[in-house]
Trainee: 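Encoded as structure tokens, here's the structure I'll be asking about.
Values below: all heavy atoms of this structure, side chains included; hydrogens, waters and symmetry mates excluded.
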4 protein chains.
Amino acid sequence: MFFASDNGGPAHPSVLDALARANEGHTSAYGAEPAMARVRDRLREVFEAPQAAVYLVATGTAANALALATMANPWDTVFCTAMAHINEDECNAPEFYSGGAKLTLVGDRDAKMDPQALRAAIAAEESRGVHGPQRGPVSITNATEKGTVYTPSEIADLSGVARDFGLQTHLDGARFANALVALDCTPAEMTWRAGVDAVSFGGTKNGLMGAEAVILFDPEKAWEFELRRKRGAHLFSKHRYLSAQMEAYLADDLWLELARRANATCAHLAEGLQQQDSVEFLHEPAANIIFARFPRRLHKRLLDAGAYYYVWDGDPHTGDPDAPLTARLVCDWSIGITGADAFLSAMQG
Amino acid sequence: MFFASDNGGPAHPSVLDALARANEGHTSAYGAEPAMARVRDRLREVFEAPQAAVYLVATGTAANALALATMANPWDTVFCTAMAHINEDECNAPEFYSGGAKLTLVGDRDAKMDPQALRAAIAAEESRGVHGPQRGPVSITNATEKGTVYTPSEIADLSGVARDFGLQTHLDGARFANALVALDCTPAEMTWRAGVDAVSFGGTKNGLMGAEAVILFDPEKAWEFELRRKRGAHLFSKHRYLSAQMEAYLADDLWLELARRANATCAHLAEGLQQQDSVEFLHEPAANIIFARFPRRLHKRLLDAGAYYYVWDGDPHTGDPDAPLTARLVCDWSIGITGADAFLSAMQG
Amino acid sequence: MFFASDNGGPAHPSVLDALARANEGHTSAYGAEPAMARVRDRLREVFEAPQAAVYLVATGTAANALALATMANPWDTVFCTAMAHINEDECNAPEFYSGGAKLTLVGDRDAKMDPQALRAAIAAEESRGVHGPQRGPVSITNATEKGTVYTPSEIADLSGVARDFGLQTHLDGARFANALVALDCTPAEMTWRAGVDAVSFGGTKNGLMGAEAVILFDPEKAWEFELRRKRGAHLFSKHRYLSAQMEAYLADDLWLELARRANATCAHLAEGLQQQDSVEFLHEPAANIIFARFPRRLHKRLLDAGAYYYVWDGDPHTGDPDAPLTARLVCDWSIGITGADAFLSAMQG
Amino acid sequence: MFFASDNGGPAHPSVLDALARANEGHTSAYGAEPAMARVRDRLREVFEAPQAAVYLVATGTAANALALATMANPWDTVFCTAMAHINEDECNAPEFYSGGAKLTLVGDRDAKMDPQALRAAIAAEESRGVHGPQRGPVSITNATEKGTVYTPSEIADLSGVARDFGLQTHLDGARFANALVALDCTPAEMTWRAGVDAVSFGGTKNGLMGAEAVILFDPEKAWEFELRRKRGAHLFSKHRYLSAQMEAYLADDLWLELARRANATCAHLAEGLQQQDSVEFLHEPAANIIFARFPRRLHKRLLDAGAYYYVWDGDPHTGDPDAPLTARLVCDWSIGITGADAFLSAMQG
């Protein structure tokens, strides 16, 4: 009963098969292997973006930090929400990779950036000439760190604000697939058609071992990105094992299938939780994450039954059985309905 | 007939098996999985260094840059040879990770740093107080980028010079195993007993997909290293796939077995080349790399037969069939005696 | 009628005299001139801190950025208010000098950091291990950017919170003297006795041409500071012209005298403004800065009379004569009662 | 008898007069004062470069590091000589400001870079794609750190090599005036007409207190430079004291007059030294620096008489009175013929 994170689950078996197939004989290194050309073509097709520059790295933080460093000068500030992964969970990697850019925190609702707040935050950097940080790109996450989802039109609102000031928009898509299947739209609709300039296209949380793509819709800075990736020590010599993962991910729409499973598990779990009087949601779950509040006695019961998840808020060590805790429950592709049911049973005692 | 690099070959099948075994169910992320504890213990045992801090990353450049950044201040200079991988092939990653440290190039013989030259180079940074770069660590590579090998006593000579000035020594062991089996000594003898403070312990070039260990014999800066790794975006969430690789590598001394194969293939190839009048070596091959000079007509013959390798020196496009070229021939574990023989046959035409 | 900033006024004549006296013959460079030893001794005496490390630089941003970089690791976050000079007016210099540290914005009241908010902000960085930024120093400004003043006991409250978490406290004293004479306390009381670890001791805004001291009460990182200063290109070769300025500043308590003049001018101006019905203060002025709100017709009148100041809030170009504007009025040492009276007359028309 | 450095001498009296004149009333800060506009115009006139971007900073290291950071990407390498100030005496400031660029050391003769060696060094970075550092600007110094001087045609040779590879050329002109009067050419001839793209135009060593100009002949990156200057904490608030210095320097060709004095003193000293059998020059002095070799007994005599200079080579503490030492003797504008004669007398005992 592991609901702590979608990085705790296994890779899909077809990924292992792909690695085994890729493991034949000698091949060119550093992304010059034929599989990478196929991955590039396939991602351009998936995104309906024939000119896009496409690169692979092994971690989501690398994808974000490298993309943002390519988009932001060291004297810029990046606009994001307080709970953005780039702000909270990357140990200053964006600051490091950009050479010292700042992050400006913009107001949000359930981790979704508010367009008015964005406009105000950008405008506030308006009039200090060389003295203040300069306006840099906007970075949003879909699905968000709270499991909510931006619609294409909401994304377009935010990128529209950015564009009003001549700024670019980056999308942290660590859970890109979960958002996409929740929205039932196309990758193009969720990105460049909605004004997004660059995407961190996640795979690791959704069934890969460790592979993420960076997609720059405008390839103008492609070479700069390549140099940044190498300088950041993120260019794999045996790159074939990254491209094999990504190729398997895209084949037969495996990526969508796995996200559908994760979201369905989450919906099933949410439905079960909703039927319990003592459980309430911080906000409606939309993808594969639930933030649920319930009394400590339920928490204790779950713990005893071997459930793993993060307590987001509240003191799990209090003696009061009715004290409310907030739990973050994340469903990865491998948990399945059975896994959700096991959790619900354990909760009911 | 691929002799271009030892990063062009496949991973050993047992690595794939290990990945498959690691791919069961949920586990803790970010190195907290049980397999990492086993890897740590095993590497401490292998190095006879029970206190050592042990970490995994996916690329050799990450291992080097993170280790050196932990050892060098931004205002220091790192002493290395001109052909050191950190100088020639990492696109300023050491400068980036250290926050702007410099590299001072020290004289060498066949890529082996000269102790007198090292002493002179360190001494030359002596007397300018705050004005010049400050003395930082010494970094050497074993086996070297030219395929030569330092003996433990030669390493001790260099680390002794460093120690005379209160400086530390880093060993880039991208081909650690190839050096070790060539020397027939223990990991401890080649490292901390010879005065080495930190090692980049390579696996990728010797049969893994992408996994390297960093070993800090003095664990004092272990936490700093962990923060640098995370900030550099090199901490894997699904870290189990790194530890599985390394565990397979160390199991039943696979790493030594693979290095022995690579070196034996290289020795066989060298022997065959030596029997040809028109071939000469730049220096005696000692591990799994040969630098050989031969006339262009042999090169053309090899090319036509489908051989891949780097032309290190000389103009491969000249019309003169007798013009000498220098080729770098690298043998990975998978080539085998048959592969070497194929090359030799092709050469003989 | 220049109330735009205290960096718009002239240097005090005795500073020029001191430069002329310092301009005799040859002397050692880079701070080794005898005058610097005298400055160091004098500042240690002024601060009752015989062990303190004392350095000079030419800009306040250099003082802040170098001090903070010495106190914060690249993976740390510095706690400050939103309107802190280090956040708003240094174009990411703290991020640059620290190698990518972050600033976490803490709630304030009239630019004075709130201790509860500080405690909450520090606590919030508590539990993410290697993932989040690490807790770094607290930085406060006295007098603040809004012209309010922390008492020693208020400073002790904040540094006490910092210390509870093992963190250090930095004081941006660009207007150190203005705060000190407002509080009528000693430099020691306002700094190390109140738990401050390092001070940017301003001179430029208070009658110098361009000279600021950095005082590290614990000299442990003195050498690191010196290297950072040189590497940042802030070590003056003809350093005698910095030490001459600072020596003149401290001689006969000129620095206190100039701050008293500035504050008295400000108090006189505030009194005059208070007598006008249509003027109100955002908060009580405590040092040499006033934030006053008045209708646009007064603003227009002042502008026409040649007054210079920043409009902090409101649209100065509106047609409505009653629309309120907020003006920031800064008094430097050279304006005097006459200057304030001129402003008040102009306002009355 | 101070021959240790041209940063040990006083500022010219007219510089103090200019500061006193600049010290009247209030004025705009940060370079918006009218004097800066005049300085800009005057330097454009002096350099016959009406489009050039012109900025002031207080230290030569700041001028060099900011100029180079504007010209070089973090993944580039800057080509310079081993004794270049940027390599030897700036504590990694170029690496810091550029975000981690490297310096590649190019062969020289008496500190003058050799065009063949430059071509070879640039060519050597040719073929490693993303792996090696990328080719960045060439940086030369005139007059050099050894007191030799490049002719415009020699500069054109070097910048021509750079241009062959699409690279820019930076001139460290810490002793620009000394070179110019030695060559009897125009600033334009020594810079942009000879292919130089950016100049650090020194004033501090030649009679100012602390003021240097950076001149970018192509203003394309002017705004970037301004942001880098501010972020580096090198933008003076009371900027009028920088512009006043530079204005005085350029008025009535004071800068040329002072350099002529320094060079004439040096020539006189050289002539006197040449007449002594036991003195020999490492190379012909061309500007205001002499490297002279003489026996320790002469050194002892000079020391006893109160002469100050650096011993470049040899052991000054040896007991052997005939052991040769190499002294670096630098003449600033204020020493004069009398000062040189005093040295010569002291030497003769």
Trainee: Output the option from C:N92, C:L103, C:D89, C:L105 having the highest count of non-hydrogen pairs under 4.5 Å with chain A.
Mentor: C:N92
Trainee: Side chain, backbone, both or neither: which part of C:P74 has an atom under 4.5 Å from a heavy atom of chain A?
Mentor: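 Backbone of C:P74 only, per the 4.5 Å heavy-atom cut-off to chain A.
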Trainee: Strictly by side chain to side chain donor-acceptor pair (under 3.5 Å), give each pair with a member in residues 99-118 of chain A just once, sequence neighbours left out.
Mentor: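 Passing the test, one end in residues 99-118 of chain A: A:T77-A:T104, A:K102-C:N87, A:K102-C:E95, A:K112-A:E154.
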Trainee: In terms of heavy-atom proximity below 4.5 Å to chain A, should C:E88 be classed as side chain, backbone, both, or neither?
Mentor: both
